[in-house]
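Let me begin by presenting the structure, written as structure tokens, before commenting on it.
Labels below follow one simple rule: chain letters A, B, ... track the order of the sequence lines, proteins then strands, and each chain is numbered from 1.
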2 protein chains.
Amino acid sequence: MAKGKAESVSELVSPLPRYLEIQRDLQARIASGQWIPGSRVPAEHELQAQYHCSRMTVNKALSALAKAGLIIRRRRSGSFVAMPRSQETILNIQDIKAEILAKGKAYRFEILTRQERAMTTDDALQLRVTPGGRVLALSVRHFANEHPFVVEDRLMNLAIVPAAREERFVVSPPGTWLLDVVPWTNAEHVIQAELADQRIATLLGIPKKSACLAIERRTWQGDATITWVRLTYPGDRHQLTSHFRPGGPLIP
Amino acid sequence: MAKGKAESVSELVSPLPRYLEIQRDLQARIASGQWIPGSRVPAEHELQAQYHCSRMTVNKALSALAKAGLIIRRRRSGSFVAMPRSQETILNIQDIKAEILAKGKAYRFEILTRQERAMTTDDALQLRVTPGGRVLALSVRHFANEHPFVVEDRLMNLAIVPAAREERFVVSPPGTWLLDVVPWTNAEHVIQAELADQRIATLLGIPKKSACLAIERRTWQGDATITWVRLTYPGDRHQLTSHFRPGGPLIP
DNA sequence: TCGGTTAATTTGTCTATACATAATAGGCGA
DNA sequence: TCGCCTATTATGTATAGACAAATTAACCGA
């Protein structure tokens with residue numbers, strides 16, 4: 001078997017790489033419950049014989065399943081179907097401009113306040129850095145089809161993003177601008193429910209003390225905090241949704 | 001170079017596989033901004049020469065980066081540093097029992113209501129199935145250190161989980177029990193903010209019309225809905241947090 | 001100049017082989 | 001019987017070579 005590819009005619013009807021075929025097949029058996037959690041997966045050399053391919057191909061499929069958490073592999077012992085994991089979900093918190101445009105709505109934003117200042121104690125706390133240096137504080141209101149969509153309160157660390165000092169944020173809002181300008185390596189999200197205070201109520205055009213969804217995000221580049229932002233959405237009009245397939249996007 | 005492994009003595013001080021070394025190295029260059037988004041990554045044969053290894057090893061590193069979304073690969077064109085992605089975050093919505101125990105608090109739950117019934121139109125809507133069959137409707141209150149923590153309203157599709165009919169949920173709450181009993185393949189989450197109604201306020205021991213964080217989850221096995229659940233947390237006492245490294249857990 | 005054909009490049013997949021590593025099972029001696 | 005050594009097994013990593021597929025670049029004729 002010195003050929004590069006499969007010899008079967010089925011290749012013509014299924015242009016799927018061999019390792020993916022195997023991967024899906026095994027995944028289906030796990031998902032269907034045919035192989036229950038804890039049970040043993042055939043060894044590589046067995047699958048190699050079953051699927052009529054080399055061990056490396058089988059290994060690629062099994063490694064992917066292991067990385068996705070569907071199976072657990074131990075040397076000498078073998079591979080085993082993993083227990084169902086804790087319910088992880090991938091939340092896609094998009095850039096606001098993209099989010100609104102994706103809904104087919106007209107997007108507009110306005111800068112409410114803009115202040116460059118020496119970092120206050122509160123600022124340092126929010127950014128989780130030692131005080132010192134300067135920050136840019138911004139408040140922005142985003143509109144979808146001319147309706148208030150979300151209020152954004154942001155702090156930018158000018159030590160990391162000095163270019164922001166000159167930026168007027170005319171074409172792109174601060175969040176979008178930052179994504180384009182600064183590479184980030186780490187982010188943290190906190191999601192909370194809270195009541196609208198007077199300012200938020202006015203800005204969003206909702207009654208005072210109605211429910212709001214607040215998303216706070218801190219973004220780092222290495223150890224340095226780039227920005228802190230708080231997004232306040234009307235709770236009844238906005239919701240975060242997400243789908244999850246265990247094993248991740250194995251079948252894209 | 002017909003040997004299986006590296007020949008350098010550095011192997012002794014760095015027990016890191018070759019492909020991971022390369023992967024991390026490239027990742028560092030991307031994260032640091034040394035290679036800006038859009039710029040070209042050296043071709044496989046170049047890296048192969050640079051790192052003094054085979055193309056397969058380089059390929060493994062690059063493929064992993066591509067799968068993680070850090071680079072984009074196109075045949076004939078080459079590999080390019082990807083633009084910063086939309087802000088995805090991995091939300092770890094744990095099993096409630098595990099969540100409370102992880103905080104070092106005592107866990108207790110009580111079944112408030114339990115009703116087995118023919119599926120109503122509303123039930124079918126929540127479960128997103130065509131009406132027919134029977135469901136088990138449950139309301140549960142979970143306590144952390146004897147303080148009300150969350151209210152759970154659940155529908156279980158008895159067509160998929162007939163065993164639930166006999167289950168009294170004495171040792172494990174329904175959510176934990178389900179995780180142990182039924183393999184699931186798909187889940188959907190919706191997160192919302194809303195005001196506490198009279199029932200929720202009483203059950204959670206909070207004022208009426210205070211902010212609550214509501215998480216709804218639908219869980220499937222293949223095409224069949226297993227369960228629908230709505231978790232209502234006090235908004236000021238609970239928050240969802242998550243960290244994110246672009247490229248996922250490449251450096252575990 | 002335009003348009004299509006051909007060649008070159010780069011990634012994608014696969015094979016066969018080799019040695020390393022971890023962990024278990026079994027045997028053997030004290 | 002206990003503890004140690006050894007053989008076995010399964011996975012982990014790595015290599016060299018091969019062909020496939022998809023683009024892009026170059027070329028060439030009308």
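Ion pairing between B:Glu188 and B:Arg128 holds under the 4.0 Å rule for side-chain N and carboxylate O.
Atom CG of B:Asn59 is separated from atom C1' of D:dA21 by 14 Å (rounded to the nearest Å). For the pair B:Leu62 CG and C:dT11 P, the computed distance is 7 Å after rounding to whole Å. If you take CZ of B:Arg74 and P of D:dT24, they are 6 Å apart, rounded to a whole angstrom. A:Arg55 places its CZ atom 11 Å from the P atom of D:dT13, with the value rounded to the nearest Å. Atom-to-atom, CG of B:Leu16 to C1' of D:dA14 comes out at 14 Å; the value is rounded to the nearest Å. Atom CZ in A:Arg40 sits about 7 Å away from atom P in D:dT11, given to the nearest Å. Between A:Lys60 atom NZ and D:dG12 atom C1' the separation is 16 Å, expressed in whole Å. Protein atom CD of A:Gln48 is 14 Å distant from nucleotide atom P of C:dC14, rounded to whole Å.
A:Tyr19 has no side-chain polar atom (N or O) that falls below the 4.0 Å cut-off from OP1 or OP2 of C:dC14. Regarding contacts with the backbone of C:dT11, a side-chain N or O of B:Ser79 is found under 4.0 angstrom from either OP1 or OP2. The shortest distance between the side-chain N/O atoms of A:Ser77 and the OP1/OP2 oxygens of C:dA22 is not below 4.0 Å. When the side-chain nitrogen and oxygen atoms of A:Arg73 are compared with OP1 and OP2 of D:dG12, one or more of them lie within a distance under 4.0 Å.
For A:Ser54, the side-chain atoms get nearest to C:dT15 when compared with the rest of C:dC14, C:dT15, C:dT10. With distances taken from any side-chain atom of A:Arg18 to the nucleotides C:dT15, D:dA18, C:dA25, the minimum falls on C:dT15. Among the nucleotides C:dA25, C:dT9, C:dA16, the one closest to any side-chain atom of A:Met56 is C:dA16.
In terms of modelled atom types and a separation under 3.5 Å, the side chain of A:Asn157 and the main chain of A:Ile226 share no donor-acceptor contact.
Toward the 5′ end of DNA chain C lies the nearest nucleotide of B:Glu46, the other residue of the pair B:Glu46 and A:Arg75 mapping further downstream. Mapping A:Arg76 and A:Val41 onto DNA chain D by nearest heavy atom places A:Arg76 closer to the 5' end of the strand.
The aromatic rings of A:His238 and A:Phe149 lie perpendicular to each other, with more than 60° between the two planes, well past the 30° mark.
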If you apply the rule side-chain hydrogen bond (donor to acceptor under 3.5 Å, both in side chains), what do you find for A:Thr57 with A:Arg18, and how did you get there? CA-CA 7 Å; A:Thr57 305; A:Arg18 214 53 183 281; over 6 Å; no

Full working for side chain to side chain contact (heavy atoms under 4.5 Å, CB included) between B:Trp35 and B:Leu26: CA-CA 9 Å; B:Trp35 289 349; B:Leu26 300 179; 3.6 Å; yes

